[in-house]
*Asks:* 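Below is the structure I would like to discuss, written out as structure tokens.
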Amino acid sequence: MTAPLDEKPEPHAGTPEAVLSLRGAAIADGRPDDAAALYEPDAVYYFAPGGDPLIGREDIRGALAELAGLHPQLQNDVRRVVIAGDVAFVVTAWRLTGIRPDGRPVMMAATSTDILRRRGDDSWGIAIDDPWGVEP
């Protein structure tokens, strides 16, 4: 039986860029629990463009599981990282290609804006994730 998300040890990502890399690898490898552990417990995630945000790891985990179900190939190009104390602002151009459950291909791309917080163990966690944060 799997432990609830709040009981699993959080992965240690020493930089904001490492968090995004670990998240992408976990989604691509079909590990939504590991991806969700990179989010803060009270994180906000905008899963759909213009949609209402998901709040909290459990809801975010469900969206990440949906992404993992696409068997995606992910590419991230971190464009900017600004760190002020224990807060980081990250802009990333990303691209996802995969296969929908009905067999049709899917391709998504955008430029995201993320806010991360430094955790007590000096790792970073995602506090706000807006994959659609920068309009083309």
*Asks:* Could you see if Met108 belongs to whatever hydrophobic cluster contains Val78? Use Ile, Leu, Val, Met, Phe, Trp, Tyr and a side-chain cutoff under 4.5 Å.
*Replies:*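 Yes, Met108 and Val78 fall within the same hydrophobic cluster.
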*Asks:* Would the distance check show the side chain of Arg57 and the main-chain N or O of Tyr39 forming a donor-acceptor pair, the cut-off being under 3.5 Å?
*Replies:*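 Confirmed, Arg57 side chain pairs with Tyr39 backbone.
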*Asks:* Please give me the minimum heavy-atom distance between Pro131 and Trp94, naming the atom from each residue.
*Replies:*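 The answer is O-NE1, 2.9 Å.
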*Asks:* Got a sec, which pairs hit salt bridge (charged side-chain N to carboxylate O under 4.0 Å, His left out) with one end in residues 19-28, sequence neighbours left out?
*Replies:*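 Sorted result for residues 19-28: Arg23-Asp129.
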*Asks:* Mind listing the closest non-hydrogen atom pair of Gly85 and Trp124 along with its distance?
*Replies:*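 That would be O-CH2, 4.1 Å.
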*Asks:* Please enumerate all residues that pass side-chain hydrogen bond (donor to acceptor under 3.5 Å, both in side chains) together with Asp122, with sequence neighbours excluded.
*Replies:*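 Checked Asp122 against side-chain hydrogen bond (donor to acceptor under 3.5 Å, both in side chains); zero matches.
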*Asks:* Please say yes or no: joined through hydrophobic side-chain contacts below 4.5 Å, possibly via intermediate residues, are Leu96 and Met107 part of one cluster?
*Replies:*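 No.
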*Asks:* For Arg100, check salt bridge (charged side-chain N to carboxylate O under 4.0 Å, His left out) against everything at least two apart and list the hits.
*Replies:*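 Counting only residues at least two positions away or on another chain, Arg100 forms no salt bridge (charged side-chain N to carboxylate O under 4.0 Å, His left out).
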*Asks:* Measuring from Leu38:CG to Ile126:CD1, what's the distance to the nearest 0.5 Å?
*Replies:*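 Result: 6.0 Å between the selected atoms.
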*Asks:* For Pro49, enumerate each residue passing the side-chain contact (heavy atoms from CB on, under 4.5 Å) test, keeping only those at least two apart in sequence or located in another chain.
*Replies:*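 Testing Pro49 for side-chain contact (heavy atoms from CB on, under 4.5 Å), a comparison that skips the adjacent residues, returns Trp132.
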*Asks:* For Arg95, enumerate each residue passing the salt bridge (charged side-chain N to carboxylate O under 4.0 Å, His left out) test, keeping only those at least two apart in sequence or located in another chain.
*Replies:*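 Scan of Arg95 (salt bridge (charged side-chain N to carboxylate O under 4.0 Å, His left out), adjacent residues dropped) gives none.
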*Asks:* For Ile99 and Val106, work out which heavy atoms get closest and say how close.
*Replies:*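 Heavy-atom minimum between the residues: N-CG1, 4.1 Å.
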*Asks:* Calculate, to the nearest 0.5 Å, the distance between atoms CZ and CD1 belonging to Phe47 and Ile60 respectively.
*Replies:*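 Reported to 0.5 Å precision, the distance equals 11.5 Å.
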*Asks:* Pairs under 3.5 angstrom only: tabulate donor-acceptor contacts from the side chains of residues 66-76 to other protein residues two or more places apart or in another chain.
*Replies:*
none

*Asks:* Not counting sequence neighbours, which residues clear side-chain contact (heavy atoms from CB on, under 4.5 Å) with Val91? List them please.
*Replies:*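 In terms of side-chain contact (heavy atoms from CB on, under 4.5 Å), with neighbours along the sequence ignored, Val91 is linked to Arg79, Arg80, Phe89, Thr111, Thr113.
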*Asks:* Check whether Val81 and Val87 end up in the same hydrophobic cluster, where Ile, Leu, Val, Met, Phe, Trp and Tyr are linked by side-chain heavy atoms less than 4.5 Å apart.
*Replies:*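 Per the 4.5 Å side-chain linkage, Val81 and Val87 are not co-clustered.
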*Asks:* List for me each residue that meets side-chain hydrogen bond (donor to acceptor under 3.5 Å, both in side chains) alongside Asp42, sequence neighbours excluded, and say none if there are none.
*Replies:*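 Counting only residues at least two positions away or on another chain, Asp42 forms a side-chain hydrogen bond (donor to acceptor under 3.5 Å, both in side chains) with Arg117.
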*Asks:* For Asp86, check side-chain hydrogen bond (donor to acceptor under 3.5 Å, both in side chains) against everything at least two apart and list the hits.
*Replies:*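 By the side-chain hydrogen bond (donor to acceptor under 3.5 Å, both in side chains) rule, Asp86 matches Arg118.
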*Asks:* Which heavy atom of Ala26 sits nearest to which heavy atom of Ala35, and what is that distance?
*Replies:*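 It is CB-N, 3.7 Å.
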*Asks:* Taking all non-hydrogen atoms of both residues into account, name the closest pair between Gly125 and Glu40 and its distance.
*Replies:*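 Nearest pair, atom of Gly125 first, then Glu40: CA-OE2, 3.4 Å.
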*Asks:* According to a hydrophobic-cluster definition based on side-chain heavy atoms being under 4.5 Å apart (Ile, Leu, Val, Met, Phe, Trp, Tyr only), do Leu54 and Leu20 belong together?
*Replies:*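 Per the 4.5 Å side-chain linkage, Leu54 and Leu20 are co-clustered.
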*Asks:* With sequence neighbours excluded, what pairs up with Asp52 under the salt bridge (charged side-chain N to carboxylate O under 4.0 Å, His left out) test?
*Replies:*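 Once residues adjacent in sequence are excluded, Asp52 has no partner under the salt bridge (charged side-chain N to carboxylate O under 4.0 Å, His left out) criterion.
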*Asks:* Go through the structure and list residues passing salt bridge (charged side-chain N to carboxylate O under 4.0 Å, His left out) with Asp114, not counting sequence neighbours.
*Replies:*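 For Asp114 there are no salt bridge (charged side-chain N to carboxylate O under 4.0 Å, His left out) partners, ignoring immediate neighbours.
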